[in-house]
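In what follows, a structure is listed as structure tokens, so that the remarks can point back to it.
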Amino acid sequence: MYPKYIFMKTWWRALAWAGLMWVAYAGSATAESVSWAPANWDRELKLPEAHDHNPDPKIVEIELTARVADVEVNTRQTVRAWTYDGGIPGPLIRARVGDRVIVHFTNELPVATTIHWHGLRVPNASDGTPVAQRAVAPGERFDYEFDALDAGTFWYHPHVNGDVQVESGLYGAVIVRGGIDPAAAADRVVVLDDIKLEATGKLSDATTPLDVMLGRQGNVLLANGTPGGAIDVASATRERWRFVNAANGRYFNLSLPGHTFLVIGWDGGLLEAPYRAGTLLIAPGERYDVLVEFSDAPGTTIALQTLHYDRGHHIPDPGPLDLFSIHVGAPGDPPAALPARWGAFEPIATATTTMTRHVVLSEEEQGVDEPRFLINGMQYPAVPAIESTPGATEIWEIQNDSEMDHPFHLHGMFFQVLDIGGVAPAQRGWKDTVNIPQHATLRFAVHYGTAGRWLYHCHILEHAERGMMGVLELR
Ligand code: C2O
Ligand code: CU
């Protein structure tokens, strides 16, 4: 198409140009994903499930292989992708609190990789990062082992060249059950992503300056690997939907016209109390558990949409984009009463003596080159490790000095947000990934977990892989 030097002439001109192109393709993506979806295409958005081959009910033991595969994105198109067990997403792993989870991983990709268990409090040796293990070379195997400690919605993905590997199709969900379980007619897991398909139908492997700046945004939106899918729900019932944002850069801002979401949980499990939301913003890496009630008349069709969210750098508004449609059928059994109690939440006691760590997020443009993403003015791995001891309580103050939002993720433990811009959040629950709005400062309190080297980073993976990452070393 255009020679590469046009992109490189000046970086900002390239950004503006790409922005225009993007308006063009974001518009066409909506139209395309609709026309691509014949009736009944992958109805119900079911995820394949991992096969537990261990007869012991307290052990979930599975085989998982990363390999190149041709994946059907819709009935007339197949893309060559990097996958777990041949699909996008990879198999859903289910466990109960207290279970031992053993994953025998085989790497059949042409490159080295690892698996990180995002949000799960695993031993450091199973955290799947380059600071905790040697990457699994092509043809090698590695066993990940951990106890499922917390009920909630989690996910897994590689932690070597994460921007490229996750974008190529490597991600899957993990559900851990236990404790309070609100009655719902269905409990669905919806993994959200976007992929960039070239005109030829090939999964794009080019990284443009715009991709680096914003995290790659695709032109096809996927829910459980499917564009324009559909589910059936019964009228007069309530469903539980668990969302995972597995995209590199896209923020999903969900809306279900005529309905609200009752948000009951997020990253670290159930909230202390649910809250109602008309739109639900999910930054990359975050998870949200919601209840949705369908009082719609049988025969109604509604679409789950994502609305524009201004995350900085003047990203154009493509208008509402459809994720999947919901067909409301005959009335089902009326939902049982909601539980009286939800998640256990004990505020972490902080005193003026509690050590505060200062983390400044910034971006630096360098003329014609790609921008760099920094922590305290340094680029990973040059960022000095934060050193402390397991079990210590500390406050992190994260100051976003850049022109865009960054979703901040800490491995191996959950934290409690104390305030954003000095204002305490209205809801209380445990997080492992939180959006830090442009030019805002957020504080969280954390009880440190177990010994090891735990990464923290921006979950826009292009940013993490270009410097916005650091190590918390507990010993
Ligand atoms: Cu899902 Cu280090 O990340
Ligand atoms: Cu970022």
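All ligand and atom numbering here is 1-based and tracks the order in the structure. The chain is numbered in sequence order, starting from 1. Remember, it's a predicted structure, so these values are computed and weren't measured experimentally.
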(message) Go through it in stages, so that I can follow the logic: the residues are H457 and H463, the test is ring-ring contact (aromatic ring centres under 6.0 Å, His included), and I'd like the CA-CA distance, side-chain angles, deciding distance and then a yes or no.
(response) CA-CA 8 Å; H457 58 89; H463 299 178; over 10 Å; no
(request) Count up the protein N, O or S atoms sitting under 2.8 Å from the Cu ion (ligand 2), would you? (result) 3
(request) Assert yes or no for the condition that the ring centre distance of W155 to H409 is strictly below 6.0 Å. (result) no
(request) Sort by chain and number the protein N/O/S atoms found under 2.8 Å from atom 2 (Cu) of ligand 1. (result) H159 NE2, H411 NE2, H457 NE2
(request) Nearest 0.5 Å please: distance from the OG1 atom of T393 over to the NE2 atom of H447. (result) 4.5 Å
(request) Say whether, by atom type as modelled, one donor and one acceptor occur between the side chain of T306 and the main chain of N253 under 3.5 angstrom. (result) yes
(request) Could you tell me whether R216 and D194 have a side-chain N and a carboxylate O separated by less than 4.0 Å? (result) no
(message) Determine whether the aromatic ring centres of residues Y84 and Y156 are separated by less than 6.0 angstrom.
(response) yes
(request) Run the salt-bridge test on R466 and E364 with the 4.0 Å N-O cut-off and return the result as yes or no. (result) no
(message) I'd like to know whether E61 forms a salt bridge (charged side-chain N to carboxylate O under 4.0 Å, His left out) with R100, so could you lay out the CA-CA distance, the side-chain angles of the two residues, the decisive distance to 0.1 Å, and finally the verdict.
(response) CA-CA 8 Å; E61 186 166 6; R100 183 81 178 154; over 6 Å; no
(request) In plain terms, say whether R240 and D181 are close enough for a salt bridge, that is, a side-chain N and a carboxylate O under 4.0 Å apart. (result) yes
